[in-house]
Amino acid sequence: MTKDTIRGSSDRSILILTSLAGGPKHGYALIKDIDGFAGVSLGPGTLYSALAKLEAAGLVEALPAEDRRRPYAITPAGREFVSERLTESARIAEVGLRRIAEAPS
Amino acid sequence: MNRRLLRALPALYPRAWRDRYGAELAGLTEDLISAGEIRPLSAVVNLAGVAALEWGRVLAGSRRVVVGEVAVAGLVAGIVFAALHPPLLTSTALVVVAPPPQSVQAATSNGPPGGYMATQVLIAGSNPVLMNALPHARPAMSLNELRNNVQIESLARSILSVSATGENAADAEATANAVADSYIGYVSSPDSPVGDVQARMLELATNATGRPLPASLLIIGGFGALYGSIAGATVALALGRADRGSRFDPLQG
């Protein structure tokens, strides 16, 4: 397994929610932001497929369109969801990093 | 990149998805290509791949419907089949046959055991006996149909059972009694070619046994639903395999 495939298997919903946690964004801004903080380049179809599922789940909501772009915002439920998931990931990361540091080289 | 082609790509998506997100998706794709963020070919591959994924989700949802619909169709087919082919009821008349005269016993003593009663079974099922019973058999039927509907057996050394089947108890009873009466009349006739056979009705056919129609509807309908579920699951499995075959990792886009 390569670093690229590990990165590719990241949960794109978490990436989108993490990006929206910083404020509402339209599709283009989401792709640029996610590429910036995670190094993952989402394709346009991939992004909207994930947004559709998040919107159906009530984790994001569409805001009124600005020009021909429509921004999306995280909902309170989405904020709670991503907070739980990131906390869990952080706990696992902490355990993993500690064990790596403690393991005999 | 041909803008017309780019705008046509969202048409690959399921209608509800396309109506809601199609315009935004086309706009974003144009922006990304214009800014050099994505190559046109990569955009086409991504949009087409995700469209296949969305169709896969639609089909995944419909697979459950497929199983349910085919199961219901099987249930209905089973009930219709049971209603069109109602279960047959069986009624039995018993005839007591007196032991043969000494002279006949002596003449048949070298034959197989039970040979006398076996002969009576053949006589009871013969054409002359059945022809005489035919006017009283219910419903009206041909000689061959009557022969197929009637079963004659020797239950003991001196008892003949005449069983008949019918779609209802009255038909089965009437037909069994008709054949039993005809046999008694035939062998008791002074002109009978089978000699002096003493036979009396021991028990008229007065009831019928068999599975009642509601139970038959339930059982055959249940089997129809079961087979329908299996058929539906098979179709769903085939759809699922086709769906899995078209999936890819969307994060690679």
Side-chain angles (χ1 to χ4, degrees), chain A residues 1-20 24-73, chain B residues 1-3 5-62 243 246-253:
Chain A
M1 185 179 281
T2 66
K3 286 180 182 177
D4 282 344
T5 56
I6 293 170
R7 177 179 295 172
S9 65
S10 301
D11 189 337
R12 60 184 185 274
S13 295
I14 294 300
L15 296 177
I16 292 170
L17 290 171
T18 301
S19 176
L20 293 179
K25 294 178 183 68
H26 51 67
Y28 188 89
L30 271 168
I31 285 176
K32 294 292 289 177
D33 186 47
I34 290 169
D35 193 18
F37 73 76
V40 174
S41 297
L42 294 181
T46 307
L47 175 75
Y48 269 95
S49 177
L51 276 174
K53 282 194 287 186
L54 290 170
E55 188 177 21
L59 301 182
V60 304
E61 61 184 352
L63 301 179
E66 299 168 351
D67 193 9
R68 63 187 184 87
R69 293 174 170 178
R70 182 186 296 279
Y72 287 83
Chain B
M1 182 69 180
N2 188 324
R3 283 174 181 255
L5 172 64
L6 195 62
R7 286 177 182 149
L9 278 172
L12 296 174
Y13 286 71
R15 180 165 187 166
W17 198 101
R18 182 175 72 234
D19 289 347
R20 169 63 184 85
Y21 299 104
E24 292 177 44
L25 178 61
L28 173 62
T29 306
E30 266 190 77
D31 288 349
L32 288 170
I33 291 173
S34 299
E37 299 286 347
I38 189 171
R39 291 193 304 274
L41 183 61
S42 298
V44 170
V45 169
N46 179 255
L47 264 57
V50 176
L53 192 66
E54 293 298 333
W55 275 112
R57 289 199 182 100
V58 170
L59 288 175
S62 66
D243 182 27
S246 68
R247 286 190 181 182
F248 70 107
D249 184 351
L251 272 185
Q252 296 298 340

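Letters A, B, ... are given to chains in the order of the sequence lines, protein chains preceding strands, and every chain is numbered from 1. Since this is a predicted model, take the numbers as computed values, not measurements.
Here the shortest heavy-atom pairing between P44(A) and I38(B) reads CD-CD1, 3.7 Å. Closest non-hydrogen pair, I31(A) versus L32(B), comes out as CD1-CD1, 3.6 Å. When all heavy atoms of Y13(B) and G45(A) are compared, the pair lying nearest together is OH-CA, 3.9 Å. Of all the heavy atoms in V50(B) and S49(A), the pair that sits closest is CG1-CB, 3.5 Å.
Counting heavy-atom pairs closer than 4.5 Å to chain B, the top-ranked of the candidates R69(A), E55(A), H26(A), K32(A) is E55(A).
Of the atoms belonging to L47(A), it is side-chain heavy atoms, and not backbone ones, that fall under 4.5 Å from chain B.
Shown here are the side chain to side chain contact (heavy atoms under 4.5 Å, CB included) partners of L12(B), two or more places apart in sequence or in another chain: L9(B), A48(B), A51(B).
For a heavy-atom cut-off of 4.5 Å, chain A lies close to R20(B), Y21(B), E24(B), L25(B), G27(B), L28(B) in residues 19-28 of chain B.
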